[in-house]
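Reading through the structure tokens given below for one structure.
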Amino acid sequence: MTKKWRVIGALFLIVVLLAIWLIWSAFTVPSQRAARMFPSPAPKHDLGKVLVVYYSAGGNTAEVAQRIGAMTGGTLLELTTREPYPNTPMLYLRAKLDLGNNKYPELETTALDFSMYDVIFVGSPVWWYTVSLPMLSFLSGSDFNGKIVVPFCTQGGRSGDFFQRFAHEARNAKLVSGMEFSRVSSIDPPSLDQTISSWLSAVDKEIVR
Ligand SMILES: Cc1cc2nc3c(=O)[nH]c(=O)nc-3n(C[C@H](O)[C@H](O)[C@H](O)COP(=O)(O)O)c2cc1C
């Protein structure tokens, strides 16, 4: 076999493997990574009756939401889509296309009654420099009726217009300073709790009850 054919063979093999990987990932639902240990005792913050609504494809936003829940004694509510999204890397492509077409997914969670809560934390991953599609679905179907809403996001480096878009979409929310968490899985749990706790103290000061 000549060198030319060996190179063509190797390239063909790479293309086949890439195609198998893409097809496999298209039909695989993202699985959230396992939650890490919580340091004990977690700092406590009394912000009244708290609801923590979040969407998480990979577990980062879920982890932050759970830590907020543990510190505030809040109720957790995870948003799930009726049709699961494909696993990455197809998720990147799908999210790009759907964001471009304003094609928001249908959620399993129906409209919520926020009246019994004092503070509502709302968390989402950043997708393509903005709010993730499931969270856009949730926001477009919600009316916060003057409730205090605290946005947060997790991201891999750049949150883009996340907070501007969130503020634009969160109808009738009384927004409090949000927080972004970068590369959550690489932050050790005590440092993550410390960051969340400092932010919750700032939120507490900002809220006028
Ligand atoms: C479709 C998609 C698009 C993303 N776009 C961005 C981005 O624009 N900026 C960024 O910093 N991270 C981006 N990321 C990384 C995620 O925001 C980050 O890993 C986040 O913590 C994931 O949260 P989750 O594990 O709760 O799903 C993207 C991830 C996905 C799946």
Side-chain angles (χ1 to χ4, degrees), residues 18 21-38 51-72 74-109 120-140 149-170 178-196 199:
L18 194 66
W21 181 48
L22 281 171
I23 292 167
W24 171 80
S25 64
F27 293 101
T28 317
V29 177
S31 56
Q32 290 194 2
R33 64 184 170 80
R36 297 182 296 176
M37 288 295 290
F38 281 66
L51 175 67
V52 188
V53 186
Y54 66 96
Y55 172 75
S56 182
N60 291 335
T61 316
E63 175 167 353
V64 174
Q66 284 158 16
R67 290 177 187 280
I68 296 169
M71 288 184 209
T72 60
T75 303
L76 291 174
L77 180 81
E78 179 174 13
L79 302 178
T80 49
T81 54
R82 274 198 201 287
E83 297 270 326
Y85 277 104
N87 205 346
T88 48
M90 285 307 275
L91 177 54
Y92 283 87
L93 187 62
R94 172 76 185 278
K96 182 76 182 160
L97 294 173
D98 287 358
L99 276 166
N101 295 324
N102 288 327
K103 193 175 163 215
Y104 300 170
E106 228 183 293
L107 298 179
E108 287 185 308
T109 328
I120 303 158
F121 286 82
V122 183
S124 160
V126 172
W127 280 7
W128 290 106
Y129 311 109
T130 195
V131 180
S132 69
L133 285 152
M135 185 50 71
L136 288 171
S137 290
F138 172 70
L139 294 176
S140 70
V149 172
V150 195
F152 65 97
C153 67
T154 69
Q155 37 92 334
R158 285 177 60 193
S159 53
D161 76 357
F162 182 94
F163 290 103
Q164 292 92 308
R165 179 92 178 253
F166 189 100
H168 185 255
E169 305 279 340
M179 183 72 166
E180 57 187 290
F181 299 86
S182 194
R183 299 189 182 93
V184 170
S185 59
S186 64
I187 308 173
D188 66 281
S191 307
L192 183 56
D193 271 349
Q194 188 50 56
T195 306
I196 294 172
W199 168 53

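This structure is a prediction, so every number in the text was calculated from the model and none was measured. By convention here, the first residue in the shown sequence is residue 1. Order of listing sets the numbers, starting from 1, for every ligand and every atom in it.
- Ligand 1 has an N or O atom lying under 3.5 Å from an N or O atom of S56, backbone or side chain.
- Atoms of ligand 1 found under 4.0 Å from any heavy atom of R158 (numbered from 1 in listed order, with element): 7 (C), 9 (N), 10 (C), 11 (O).
- Remark: ligand 1 and Y129 share an N or O pair separated by less than 3.5 Å (distance only, no angle test).
- In terms of protein heavy-atom proximity, atom 25 (O) of ligand 1 is nearest to N60 N, 2.9 Å.
- At least one heavy atom of G59 sits under 4.0 Å from some atom of ligand 1.
- By the 4.5 Å heavy-atom criterion applied to side chains, L192 and E63 are counted as neighbours.
- The backbone N or O of D193 sits nowhere less than 3.5 Å from a side-chain atom of R67 that would complete a donor-acceptor pair.
- Considering backbone and side-chain atoms alike, A62 places every N or O at 3.5 Å or more from each N or O of ligand 1.
- Of the N or O atoms in G157, one or more lie within a sub-3.5 Å distance of an N or O in ligand 1.
- Looking only at side-chain heavy atoms (C-beta outward), M179 and V150 stay at 4.5 Å or farther from each other.
- The two residues V126 and C153 make their nearest non-hydrogen contact at CG2-SG, 3.8 Å.
- Every atom of ligand 1 with a heavy atom of A57 under 4.0 Å away is listed here by number and element: 24 (P), 26 (O), 27 (O).
- Minimum interatomic distance between G123 and M135 (heavy atoms only, all atoms of both residues): O-CE, 3.1 Å.
- Every atom of ligand 1 is numbered from 1 in the order shown, and the set under 4.0 Å from a heavy atom of W128 is 3 (C), 4 (C), 5 (N), 6 (C), 7 (C), 8 (O).
- Here the shortest heavy-atom pairing between L136 and E169 reads CD2-CG, 3.9 Å.
- Here the side chains of P105 and Y85 are in contact, with some heavy-atom distance below 4.5 Å.
- The backbone N or O of I187 sits nowhere less than 3.5 Å from a side-chain atom of S191 that would complete a donor-acceptor pair.
- Residue-ligand proximity, T61 to ligand 1, at heavy-atom distances under 4.0 Å covers atoms 23 (O), 24 (P), 26 (O).
- Remark: minimum distance from atom 4 (C) of ligand 1 to any protein heavy atom is reached at V126 O, 3.4 Å.
- Here is the list of ligand 1 atoms found below 4.0 Å of a heavy atom in T154: 17 (O), 20 (C), 21 (O), 22 (C), 23 (O).
- Geometrically, ligand 1 and P125 share no nitrogen or oxygen pair separated by less than 3.5 Å.
- Ring centroid separation for the pair W128 and F162 does not come in under the 6.0 Å cut-off.
- For atom 12 (N) of ligand 1, the closest non-hydrogen atom on the protein side is G156 N, 3.0 Å.
- With Y85, Y55, Y54, Y92 as candidates, the residue nearest to atom 29 (C) of ligand 1 on a non-hydrogen basis is Y92.
- Shortest contact from atom 31 (C) of ligand 1 to any protein heavy atom: L91 CD2, 3.6 Å.
- Minimum heavy-atom separation, Q155 to S182: OE1-OG, 3.0 Å.
- Between W127 and L133, the closest heavy-atom pair is CE3-N, 3.5 Å.
- Contacts between A95 and ligand 1, counted as non-hydrogen atom pairs separated by less than 4.0 Å, involve the side chain only.
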